[in-house]
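Worksheet for the structure shown next.
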Amino acid sequence: MAPPLNHPWNLPPAEARALQERLRPLLITHDAFGQVQSVAGTDLGFEDDGRVARAAVVVLEFPSLRAIDQALVRRPTPMPYIPGLLSFREIPALLDALACLRRPPDLLLCDGAGYAHPRRLGLAAHLGLYTGIPSIGVAKSRLIGAYEEPGEARGAWSPLVDQGEIVGAALRTRARVSPLFVSGGHRVGLMTAMRWVLHCCTRYRLPETTRAAHRLASG
DNA sequence: GCGACAG
DNA sequence: ATCTTGTCGC
């Protein structure tokens with residue numbers, strides 16, 4: 001699936017929000033992908049007071065979770081961090097990093113929200129839609145939605161509700177650690193998103209994909 | 001006007 | 001996200 005999208009990333013806030021509203025109906029919110037042999041983690045680090053972004057992507061073979069490819073690029077940051085508009089700040093560098101890979105991964109675990117977004121187009125959803133790659137949003141903290149504290153066991157979860165809609169879930173990826181906020185991205189539904197996040201969380205709270213990308217982006 | 005707010 | 005040492009706990 002070649003990306004049928006092509007739009008600027010340095011937009012004024014109001015225009016960026018309007019664009020999200022226009023892209024929103026293009027997002028595929030149900031499972032629509034085949035065999036997964038590779039899962040990639042994405043993350044960013046910043047330099048020079050946030051003016052330069054370091055985008056890292058690490059591809060792990062599934063189910064071994066062994067790293068088989070990775071990419072790291074440094075790019076000027078197009079926008080400041082504005083809650084709800086994170087994708088405009090981070091996607092440009094991520095696209096260049098993804099282009100450096102030997103071949104595109106089968107699934108993306110992004111560091112941020114997916115569908116659990118004010119206009120249902122968080123970083124994971126936007127990046128998946130733009131690249132056509134199935135994606136999942138994995139955030140360490142909540143952007144939107146109300147939720148009850150999930151049970152203490154690994155795998156316990158509770159729905160994230162916004163405007164009367166279940167947009168994601170607070171998922172306990174390890175016993176007695178604060179939950180992760182998981183949401184579907186492009187071509188991946190919530191229940192499937194949670195399954196994949198758990199598949200990638202072996203010893204720590206964060207998925208091995210995210211950990212690997214974070215280490216690469218940090219040095 | 002006030003509070004919330006991924007990374 | 002980033003600036004940063006020590007420190008509490010398994």
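As a basis for the values below, the full set of heavy atoms in this structure was taken, side chains included, without hydrogen atoms, waters or symmetry mates. Here is how names work: the chains are called A, B, and so on, in the same order as the sequence lines, proteins then strands, and each is numbered from 1.
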Candidate nucleotides C/dT2, B/dA6, B/dC5, ranked by approach to the side chain of A/H117 - the nearest
B/dA6

Distance check needed: B/dG3 P versus A/R142 CZ, whole Å only.
16 Å

Base, sugar-phosphate, or nothing: which does A/A113 touch, judged by heavy atoms less than 4.0 Å apart?
base

State which of B/dC5, C/dA1, B/dG7 makes the closest approach to the side chain of A/S141.
B/dG7

Under 4.0 angstrom, heavy atoms only, what part of the nucleic acid is A/G45 near: base, sugar-phosphate, or nothing?
sugar-phosphate

Which nucleotide in the list C/dA1, B/dA6, B/dA4 gets nearest to the side chain of A/L86?
B/dA6

Taking the side chain of A/K140 as its heavy atoms from C-beta onward, which of C/dA1, B/dA6, B/dA4 lies nearest to it?
C/dA1

Interatomic distance, A/E47 CD vs C/dC3 P [rounded to whole Å]
10 Å

Quick one: A/F88 CZ to C/dA1 P, roughly how many Å, whole number?
21 Å

Using whole Å, what does the distance between atom P of nucleotide B/dC5 and atom CZ of A/R17 come to?
16 Å

Remember a base hit wins even if backbone is also touched, and classify A/L85 as base, sugar-phosphate or nothing at under 4.0 Å, heavy atoms.
base

Whether A/Y147 and A/F181 hold their rings parallel, tilted or perpendicular, with breakpoints at 30° and 60°
perpendicular

Is the number of heavy atoms from other residues, nucleotides or ligands under 6.0 Å of A/L27 CG greater than 12?
yes

For A/R205, enumerate each residue passing the side chain to side chain donor-acceptor pair (under 3.5 Å) test, keeping only those at least two apart in sequence or located in another chain.
A/S178

Take the protein atom CG of A/L94 and the nucleotide atom P of B/dG7, then report the distance between them rounded to whole Å.
14 Å

Stacked pair A/Y81-B/dG7, distance under 5.5 Å, angle under 30°
yes

Determine whether more than 12 heavy atoms belonging to other residues, nucleotides or ligands lie under 6.0 Å from atom CG of A/D48.
yes

Students often get this wrong, so: under 4.0 angstrom with heavy atoms, is A/G50 touching a base, only sugar-phosphate, or nothing?
nothing

A/T192 vs A/D31, test: side chain to side chain donor-acceptor pair (under 3.5 Å). Steps then yes/no.
CA-CA 7 Å; A/T192 298; A/D31 294 346; 2.4 Å; yes

Can you tell me the distance, in whole Å, between the CG atom of A/D111 and the P atom of B/dA6?
12 Å

Mind calculating the distance between CG (A/L121) and P (B/dA6) to the nearest angstrom?
17 Å

How many Å lie between CG on A/L160 and P on B/dC5, as a whole number?
12 Å

